[in-house]
2 protein chains.
Amino acid sequence: MSVGLSIGQVAERTGLSVHALRFYEREGLLADPVRRESNGRRVYTEDDVEWLNMCIKFRSSGMPLDTIRKYTDLVRQGRGNERERLALLRSHQEHVAAQIEELNECMRVITHKVTIYQQHLDDGTADCLWVAPSTTADASAAS
Amino acid sequence: MSVGLSIGQVAERTGLSVHALRFYEREGLLADPVRRESNGRRVYTEDDVEWLNMCIKFRSSGMPLDTIRKYTDLVRQGRGNERERLALLRSHQEHVAAQIEELNECMRVITHKVTIYQQHLDDGTADCLWVAPSTTADASAAS
DNA sequence: GACACTCATAGACCCCACTCTAGGTCGTGT
DNA sequence: ACACGACCTAGAGTGGGGTCTATGAGTGTC
């Protein structure tokens, strides 16, 4: 089934650089240190790729490498610590929820500004309303 | 109206450190270089605080300081470049939308993992299902 | 058998966004 | 008188997350 992938192939299909892949490995982010060919070259399995994709999801949702390492350690230790894994996941879940909240709020503010600029540009009123080269001009647009 | 605020007061009400406030100023993130008392101390206006709050929104939605500086420059230059400001804002808006998308996708994945772990813990099946201290064990939970 | 290519390691380097330090000034309270 | 706390500047240091370099070895093909 799993043919064995070179680091270059894994880089290609995960979008991580080969540098990053080696870096992640050094950092202990792979459940088991990648197998090697006789010549020392890394051989990745499809499972490794799947795991990496999960790490990428974790990273891109703001989980620090350190926490990913903790999670990896738990998984590596095997059965018995499922509660801990769950706690870690839940905590990250909350974190992500908070981020989404925050971004939505930012979005609200930005969209408001965009709308106002757009309106004034449409009106051709821009030249009348933007008076001072100051904070205030933009702030009044923001408020 | 505006009484004039010390850097400490501004730090308190924006949540930025006094260090960060000075840093932001050096970096050209304030529309006009803050006024000073005769003794050289900074005096912030409420407008400055408002502007800073906007910067904070920008930052916390992932806008690099560099881009905030560009926006600030545009505002500082005054009327005539509203199109550019709008373009910058729109571009950031898209960026934020993409981030929200991404986070939602991560959330989906994480929630799925959480659900599965929770199920197995509820079932008490954890000890049977988690077999190997390997990627696979967790990957099967993820899939 | 020469050239290009991919891989290997160890460690240096980079960028970003702060954060902190050193050394000094001012104004107030006791 | 003098200590204290808030402020000032310039610039060094930090932490996270990679990225790049130097150096060398194995493979593939003309």
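Just so it is clear: chains get the letters A, B, ... in the order the sequence lines come, proteins before strands, and each one is counted from 1.
Between Arg41(B) and dC26(C) there is no side-chain N or O to OP1 or OP2 distance below 4.0 Å. The side chain of Arg36(A) contributes no N or O atom lying less than 4.0 Å from OP1 or OP2 of dG26(D). Between Arg26(B) and dA17(C) there is no side-chain N or O to OP1 or OP2 distance below 4.0 Å. OP1 or OP2 of dG17(D) sits under 4.0 Å from a side-chain N or O of Arg59(A). Remark: Arg22(B) is in phosphate contact with dC8(D), judged by side-chain N or O atoms under 4.0 Å from OP1 or OP2. Taking 4.0 angstrom as the limit, Ser6(A) places a side-chain polar atom (N or O) nearer than this to OP1 or OP2 of dC7(C). Contact annotation: Tyr24(A) does not reach the phosphate of dG17(D) (side-chain N/O to OP1 or OP2, under 4.0 Å).
Non-hydrogen atoms lying under 4.0 Å from DNA chain D are contributed by nothing in residues 62-72 of chain B.
Between Ser17(A) and Asn39(B), the residue anchored closer to the 5' end of DNA chain D is Asn39(B), taking for each the nucleotide with the nearest heavy atom. Mapped onto DNA chain C by nearest heavy atom, His19(B) and Ser38(B) fall at different nucleotides, with His19(B) at the one closer to the 5' end.
Distance CD (Glu25(B)) to C1' (dA17(C)): 17 Å, rounded to an integer number of Å. Rounded to a whole Å, the CD1 atom of Ile7(B) is 19 Å from the P atom of dG5(D). Atom CG in Leu21(A) sits about 14 Å away from atom C1' in dG17(D), given to the nearest Å. In this structure, CD of Glu27(B) is placed 10 Å from C1' of dC16(C), rounded to the nearest angstrom. Between the CD1 atom of Ile56(B) and the C1' atom of dC18(C) there is a distance of 14 Å, given to the nearest Å. Rounded to an integer number of Å, the gap from Arg35(A) CZ to dA8(C) P is 14 Å.
Side chains of Asn81(A) and Arg85(A): a donor on one and an acceptor on the other come within 3.5 Å. Gln118(A) and Asp122(A) form a side-chain donor-acceptor contact under 3.5 Å, judged by distance and modelled atom types alone.
Counting only distance, with no hydrogens or angles, the side chain of Glu82(B) and the backbone of Gly80(B) share a donor-acceptor pair below 3.5 Å. A donor-acceptor contact shorter than 3.5 Å links the side chain of Thr14(A) to the backbone of Val10(A). For the pair Ser61(A) (side chain) and Lys57(A) (backbone), a donor-acceptor distance under 3.5 Å is present.
Ring geometry for Trp51(A) versus Tyr71(A): interplanar angle under 30°, hence parallel rather than tilted (30 to 60°).
Under the salt bridge (Lys or Arg N to Asp or Glu O under 4.0 Å) criterion, Asp66(B) pairs with Arg69(B), Lys70(B), sequence neighbours left out.
Distance from the side chain of Phe23(B) is smallest for dA17(C) among the nucleotides dA17(C), dA8(C), dT19(D).
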